[in-house]
Protein chains: 2
Amino acid sequence: MARQGSQSASPVPSLRIGEVARRTGLPVKTIRYYCDEGLLQPKDRSAGGYRLFDEENLAELAIIRALRAMDVSIPELARILEVRRAGVCNCAVLKDSIAAKMESINLRIGELAAMKDELARLLSSWQDCGGSKLQR
Amino acid sequence: MARQGSQSASPVPSLRIGEVARRTGLPVKTIRYYCDEGLLQPKDRSAGGYRLFDEENLAELAIIRALRAMDVSIPELARILEVRRAGVCNCAVLKDSIAAKMESINLRIGELAAMKDELARLLSSWQDCGGSKLQR
DNA sequence: AAGAACCCTCCACTGGGTAGAAGCTTCACC
DNA sequence: GGTGAAGCTTCTACCCAGTGGAGGGTTCTT
């Protein structure tokens, strides 16, 4: 078993990707993908090239995870995280994108409900098809 | 302009892909894609290799269009159309897949509603952020 | 020093199309 | 019968948000 970090002074000096995966519940591949896409910037690399993450990265991943679950796109997330990284209050940005997201969720729910109605109509109109031969 | 079909005896002897696109409202590329995926089998080819469609193809496209709008997947559609092509009553198959679709729509609506609630909670909890400086 | 666990990059694949290139076919009109 | 243009063909590559695997290097424990 490869354990790491013999120091116990600072709480989270540097986490490797596997540990981050364990803590966030995201697959290692996905975290690496987020790095590639510029969403996440590991604070450092080990001498051997391993990505090293810190608590700030964990916080960012929490945001990413939450907003992805709400179908916020990767480019949108990149925008949000960039603003956040700049140290500016990102309430406005977040609020805008969340409001837009709620709007699109409402639309989508409406569409799905309409579909459901249509499917129900279909089903009830076929009530009487016994199942013997063609009606193509 | 390239017009076609000087015969006017049979109502729909053979339509080329562009005309089918016009009648169904689907992009030419999409119809070709459906052919490639085996959903649609043009009744013939011209001497020059053009796909030639008939009314049965139009009916199939109508089904494809309607079910795709309800997020029925391409492989599922292939299954449905195959059964239909076999001349057997496909009520059972359709009913099953429609019932399953309704179930998944219900699930999805539930998920979306939960998301919306969560977003609303987020928004209301940020009510008081004026927008000046960081709170990262 | 060995071995296990971990990590790296690179490439290919998913689904449901969409975009473009290079070249062939069909048609109306002259 | 020639010409122009629209229409069609196949092929390749791209989109999103990852996921899987190959092949090889690093870190840690024993």
Side-chain angles (χ1 to χ4, degrees), chain A residues 1-8 13-40 42-53 57 61 63-81 104, chain B residues 1-8 13-40 42-53 57 61 63-81 104:
Chain A
M1 223 192 254
R3 207 87 44 83
Q4 66 136 37
S6 46
Q7 306 164 257
S8 57
S14 59
L15 301 166
R16 291 192 320 203
I17 203 168
E19 181 61 24
V20 172
R22 226 163 285 125
R23 295 203 190 191
T24 59
L26 288 168
V28 167
K29 287 253 178 188
T30 301
I31 297 171
R32 227 175 261 138
Y33 171 72
Y34 288 158
C35 292
D36 291 349
E37 294 304 303
L39 291 193
L40 200 59
K43 284 304 146 182
D44 210 349
R45 288 267 184 162
S46 79
Y50 286 14
R51 290 172 185 84
L52 299 176
F53 299 89
N57 291 138
L61 270 175
I63 293 174
I64 293 170
R65 222 169 83 98
L67 297 190
R68 275 301 300 137
M70 297 167 200
D71 280 330
V72 175
S73 74
I74 300 286
E76 178 84 4
L77 265 173
R79 211 166 58 84
I80 291 171
L81 289 169
S104 76
Chain B
M1 223 189 252
R3 207 89 40 87
Q4 67 135 35
S6 47
Q7 306 165 256
S8 57
S14 57
L15 303 166
R16 291 193 322 204
I17 203 167
E19 182 60 23
V20 173
R22 226 163 284 125
R23 296 205 190 189
T24 60
L26 289 167
V28 167
K29 293 246 178 192
T30 300
I31 297 171
R32 225 175 264 136
Y33 170 72
Y34 288 158
C35 292
D36 291 349
E37 294 304 303
L39 291 194
L40 200 59
K43 285 303 147 182
D44 211 349
R45 289 267 182 162
S46 79
Y50 287 14
R51 291 170 184 85
L52 299 175
F53 300 90
N57 291 137
L61 269 176
I63 292 175
I64 292 170
R65 224 168 83 98
L67 297 190
R68 275 299 300 137
M70 296 166 198
D71 279 331
V72 175
S73 74
I74 300 285
E76 177 85 3
L77 266 173
R79 209 165 60 84
I80 290 171
L81 289 170
S104 76

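Computed from a predicted structure; not experimentally measured.
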For this session: Kindly indicate whether the side chain of A:Y50 and the base of D:dT26 share any N or O donor-acceptor pair separated by less than 3.5 Å?
Result: yes
Problem set entry | Between C1' of D:dG18 and CD1 of A:I74, the distance in whole Å | 8 Å
Exercise. Does OP1 or OP2 of C:dT25 have a side-chain N or O of B:S46 closer than 4.0 Å?
Worked result: no
Exercise. Looking at the side chain of A:A47, which of D:dG18, D:dT27, C:dG16 is the nearest nucleotide?
Worked result: D:dT27
Problem set entry | Distance test, side-chain N/O of B:R16 to OP1/OP2 of D:dA6, below 4.0 Å | no
Problem set entry | D:dT10 OP1/OP2 closer than 4.0 Å to side-chain N/O of B:R45 | yes
Exercise. How do A:G18 and B:R68 order along DNA chain C: which one's closest nucleotide is nearer the 5' end?
Worked result: A:G18
Problem set entry | Atom pair distance, as rounded to whole Å: CZ in B:R22 and P in D:dC8 | 7 Å
Problem set entry | Distance-minimising heavy-atom pair for A:Y50 and A:R16 | CD2-CD, 3.6 Å
For this session: Assign each of A:S73 and B:G49 to its nearest nucleotide of DNA chain D by heavy atoms, then name whichever residue's nucleotide is nearer the 5' end.
Result: B:G49
Exercise. Where the side chain of B:I17 is defined as all heavy atoms beyond and including C-beta, which of D:dG18, C:dG17, D:dT9 is the nearest nucleotide?
Worked result: D:dT9
For this session: Quick one: do A:F53 and A:L40 satisfy side-chain contact (heavy atoms from CB on, under 4.5 Å)? Show the steps, please.
Result: CA-CA 9 Å; A:F53 299 89; A:L40 200 59; 3.8 Å; yes
Exercise. Could you state the CG-P distance from A:D71 to D:dA17, rounded to the nearest angstrom?
Worked result: 9 Å
For this session: Please name the pair of heavy atoms, one in A:A21 and one in A:P27, separated by the smallest distance, quoted to 0.1 Å.
Result: CB-C, 4.5 Å
Exercise. Side-chain N or O of A:R32 less than 4.0 angstrom from OP1 or OP2 on C:dC7?
Worked result: no
Exercise. Taking N and O atoms by type only, does the side chain of A:Y34 place a donor or acceptor under 3.5 Å from a partner on the base of D:dG18?
Worked result: no
Exercise. What is the distance from NZ of B:K29 to C1' of D:dC11, rounded to the nearest Å?
Worked result: 10 Å
Problem set entry | Presence of salt bridge, B:R22 and B:E19, under 4.0 angstrom | yes
Exercise. Is any side-chain nitrogen or oxygen of B:R51 closer than 4.0 Å to OP1 or OP2 of D:dT9?
Worked result: yes
Exercise. Tell me: CG of A:L15 to C1' of D:dC28, nearest whole Å?
Worked result: 17 Å
For this session: Please state how far atom CD in A:E37 lies from atom C1' in D:dG18, giving the value in whole angstrom units.
Result: 9 Å
Problem set entry | Gap between atoms OH and C1', on A:Y33 and C:dC10 respectively (whole Å) | 16 Å
For this session: Examine D:dT19: is either OP1 or OP2 under 4.0 Å from a nitrogen or oxygen in the side chain of A:T30? Give yes or no.
Result: yes
Exercise. Roughly, in whole Å, what's the span from CG in A:L39 to P in D:dC16?
Worked result: 13 Å
For this session: Report yes or no: does B:R65 contribute a side-chain atom to a donor-acceptor pair with the main-chain N or O of B:T24 at less than 3.5 Å?
Result: yes
